[in-house]
Amino acid sequence: MSERIIIIGAGQAGLQIAESLRAEAFAGEILLLGEEGVAPYQRPPLSKAWLAGETATEKLTLRGAEFFGAKSIDLRLGAPVAAVDLTARSVTLADGETLDWTGLAFATGASARRPKLDGADLPGVCVLRGLRDAREISARLAAVGRIVVVGGGFIGLEVAAAARKKGVEAIVVEAQDRLMARAVTPKISEFFAELHRARGVEIHFGAQVAGLEGSDAVRAVALADGGGFHADLVVFGIGASANDATAAAAGLACDRGIIVDSCARASAQNVVAAGDCTVFKRPDGSAVRLESVQNAVEQGKAAAAALMGREKPFVATPWFWSDQYDVKLQMAVGGEGCDLQVARPSGENAFSLFNYRGEKLISVESVNRPGEHLLARRLLDAGLSPSPELVGDAAADLKSLLR
């Protein structure tokens with residue numbers, strides 16, 4: 001057969017693989033299989049500007065229909081995959097069709113974790129991962145008085161912010177003792193807790209949900225300590241799990257995600273994976289799982305190069321962002337274990353925190369400082385660590401370190 005690369009998953013990573021294959025001058029057939037019935041779209045705005053009613057659905061689309069025709073990419077929507085045979089090099093679709101491949105890419109993303117609680121299947125109990133979820137939450141927000149958000153991470157807080165913008169009462173229930181605890185330092189957690197409270201959000205820390213109550217729809221959230229809240233809508237933002245079941249069933253190495261190396265290569269020849277479905281195993285054996293647009297894009301480029309027989313490792317500093325109300329949080333993360341934090345102030349509700357381990361800069365958290373965030377990424381990529389004294393001097397020109 002002629003060369004055919006099949007990409008399972010038509011999200012950000014899958015689209016990037018297809019685009020990069022053409023950029024790498026791959027002349028064979030590219031088949032991009034999407035489980036959803038809509039063309040590749042941006043997911044991050046769903047919990048931000050889209051849910052707040054500040055951007056239109058059509059603006060989420062990543063590429064128009066003409067793009068796929070021009071690039072000779074066969075995009076098939078509503079085409080879930082039932083099985084993959086690595087030995088026969090075939091993919092079987094849910095409708096029974098079998099397709100052969102010479103190269104295979106998994107870009108299957110992740111699924112929002114759903115609670116295993118009594119009442120979790122009641123109408124009005126939602127998660128937010130895709131456009132269908134976002135549409136349901138948006139429609140319900142238009143008709144409710146109070147939302148209870150379970151989980152004080154990025155998704156939960158963005159949903160709470162969107163609800164408050166629409167005049168809906170919001171309660172955030174968080175099991176840990178601060179917001180976004182797995183992603184940011186305590187000072188950032190405190191800043192956003194104050195921000196949400198100032199906007200009227202009620203926050204409860206150290207609270208465990210015991211169940212959801214209601215008959216025809218959710219009516220209340222019950223806590224493990226016996227307390228609870230009335231709720232017209234409940235949204236769980238308690239993380240996501242990699243969609244690796246098909247890959248694991250085929251025999252690929254998986255560990256809470258498809259295991260890949262720095263070039264996005266999986267454990268079988270001519271098979272790669274990119275995006276939220278992956279876990280990168282470092283040489284020391286530790287595992288890293290990144291859920292971000294940057295990771296999907298850069299791993300997608302690496303995966304395409306690998307399928308073309310080239311090595312293009314993803315080495316850039318990971319970065320993330322969150323929009324809540326009129327505040328933009330951006331993080332560049334080059335390591336963990338901060339033991340010194342230096343603030344670089346620049347005005348009301350605008351600052352950056354430079355985080356060090358010893359004398360080494362390992363991450364920078366920026367609030368309403370996009371230029372400083374970009375600078376931080378360049379510093380971390382270059383392995384440069386400005387002195388804490390220089391960072392603390394708001395008048396000092398950190399860009400000079402890059403010259």
Give the table of side-chain donor-acceptor pairs shorter than 3.5 Å for residues 6-15, with sequence neighbours excluded, one pair per line with atom names and distance.
none

Exercise for the section: May I ask you to decide whether Arg132 forms a salt bridge with Glu136, counting only side-chain N to carboxylate O separations under 4.0 Å? Expected result: no
Exercise for the section: Measure the shortest side-chain to side-chain distance between Phe320 and Pro318 over non-hydrogen atoms and say whether it is less than 4.5 angstrom. Expected result: yes
Handout entry: SB check Asp323 Lys328 (cutoff 4.0 Å)
Key = yes
Practice task
Give a yes or no on whether the backbone of Ala247 and the side-chain of Asp244 come within a donor-acceptor separation of less than 3.5 Å.
Solution key: no
Practice task
Check whether any side-chain heavy atom of Glu158 sits under 4.5 Å from a side-chain heavy atom of Tyr325, and report yes or no.
Solution key: no
Completion exercise
Which of Val342, Val391, Thr185 passes side-chain contact (heavy atoms from CB on, under 4.5 Å) with Leu353? Answer is Thr185
Fill in the blank from the handout: Taken to the nearest 0.5 Å, the spacing of Met180 CE from Phe192 CZ works out to 5.0 Å
Practice task
Compare all side-chain heavy atoms of Val327 with those of Phe191 and state whether any distance is below 4.5 angstrom.
Solution key: yes
Practice task
Check whether any side-chain heavy atom of Glu97 sits under 4.5 Å from a side-chain heavy atom of Leu99, and report yes or no.
Solution key: yes
Fill in the blank from the handout: Between the CZ atom in Phe67 and the NZ atom in Lys71, the distance rounded to the nearest 0.5 Å is 6.0 Å
Completion exercise
So side-chain hydrogen bond (donor to acceptor under 3.5 Å, both in side chains) across residues 58-68, not counting sequence neighbours, yields Glu19-Arg63
Problem - Salt-bridge contact Asp276-Arg43 (side-chain N to carboxylate O under 4.0 Å) - result: no
Practice task
Could you tell me whether a side-chain N or O of Asn295 sits under 3.5 Å from a main-chain N or O of Ser292, the two making a donor and an acceptor?
Solution key: no
Problem - Any side-chain heavy-atom pair of Val364 and Glu372 under 4.5 Å - result: no
Handout entry: Salt-bridge contact Glu298-Lys301 (side-chain N to carboxylate O under 4.0 Å)
Key = yes
Handout entry: From Ser322 atom OG to Lys48 atom NZ, the distance as rounded to the nearest 0.5 Å
Key = 5.5 Å
Practice task
Look only at the side chain of Thr108 and the backbone of Asn243, and say whether a donor-acceptor pair between them is shorter than 3.5 Å.
Solution key: yes
Problem - Heavy-atom pair of closest approach, residues Gly153 and Glu174 - result: N-OE1, 4.4 Å
Problem - No-hydrogen, no-angle side-chain donor-acceptor test under 3.5 Å, Arg256 and Ser241 - result: no
Exercise for the section: Return yes when atom CG of Asp381 has more than 12 non-hydrogen atoms of other residues, nucleotides or ligands closer than 6.0 Å, and no otherwise. Expected result: yes
Completion exercise
Minimal heavy-atom distance between Ser47 and Leu128, with the atoms involved, is CB-CD2, 3.5 Å
Handout entry: Ring-face cation contact, Trp101 with Arg4, 6.0 Å cut, 45° max
Key = no
Handout entry: Arg219 and Glu213: CA distance, side-chain angles, deciding distance, salt bridge (Lys or Arg N to Asp or Glu O under 4.0 Å) verdict
Key = CA-CA 6 Å; Arg219 293 288 179 256; Glu213 300 174 352; over 6 Å; no
Problem - Arg76/Asp74 salt bridge by N-O under 4.0 Å criterion - result: yes
Practice task
Keeping the roles fixed (side chain from Ser385, backbone from Leu361), state whether a donor-acceptor pair exists under 3.5 Å.
Solution key: yes
Exercise for the section: Mind checking the CZ-OG spacing from Phe280 to Ser286? Nearest 0.5 Å is all I need. Expected result: 8.0 Å
Practice task
Could you tell me whether the side chains of His196 and Gln324 share a donor-acceptor contact shorter than 3.5 Å?
Solution key: yes
Problem - Side-chain ion pair, Asp133 and Arg129, N-O less than 4.0 Å - result: no
Exercise for the section: Determine the interplanar angle of the His373 and Trp319 rings, folded into 0 to 90°, and report it as parallel if under 30°, tilted if 30 to 60°, perpendicular if over 60°. Expected result: perpendicular
Exercise for the section: State, with a plain yes or no, whether a side-chain heavy atom of Leu233 is found less than 4.5 Å away from one of Val148. Expected result: no
Completion exercise
Shortest non-hydrogen pair, Ser90 vs Asp100, comes out as CB-OD1, 3.8 Å
Handout entry: Least distance between heavy atoms, Arg89 atom then Thr102 atom
Key = NH1-O, 3.5 Å
Exercise for the section: Check for a donor-acceptor pair, side chain of Ser20 on one end and backbone N or O of Gln16 on the other, with a separation under 3.5 Å. Expected result: yes
Practice task
Decide yes or no for Phe351 and Asn368: does some side-chain heavy atom of the first lie under 4.5 Å from some side-chain heavy atom of the second?
Solution key: no
Practice task
Identify whether the distance between the nearest side-chain nitrogen and carboxylate oxygen of Glu24 and Arg22 falls below 4.0 Å.
Solution key: no
Practice task
May I ask you to test the Glu29-Ile5 pair for a side-chain heavy-atom distance under 4.5 Å?
Solution key: no
Problem - Between OG on residue Ser189 and CD on residue Glu365, distance to nearest 0.5 Å - result: 8.5 Å
Exercise for the section: Specify the closest pair of heavy atoms between Ala332 and Arg377, including all atoms of both residues, with the distance to one decimal. Expected result: CB-CG, 3.7 Å
Handout entry: Check: Arg344/Ser352 side-chain N/O donor and acceptor closer than 3.5 Å
Key = no
Can you give the donor-acceptor pairs under 3.5 Å from side chains of residues 159-172 to other protein atoms, not counting sequence neighbours?
unit_1	atom_1	unit_2	atom_2	d
Arg164	NE	Arg199	O	2.8
Arg164	NH1	Val168	O	3.0
Arg164	NH2	Arg199	O	3.2
Lys165	NZ	Glu54	OE2	3.1
Lys166	NZ	Leu51	O	2.8
Glu169	OE2	Arg146	NE	3.1
Glu169	OE2	Arg146	NH2	2.8

Exercise for the section: Quick one: closest heavy-atom pair of Leu340 and Cys338, and the distance? Expected result: O-SG, 3.4 Å
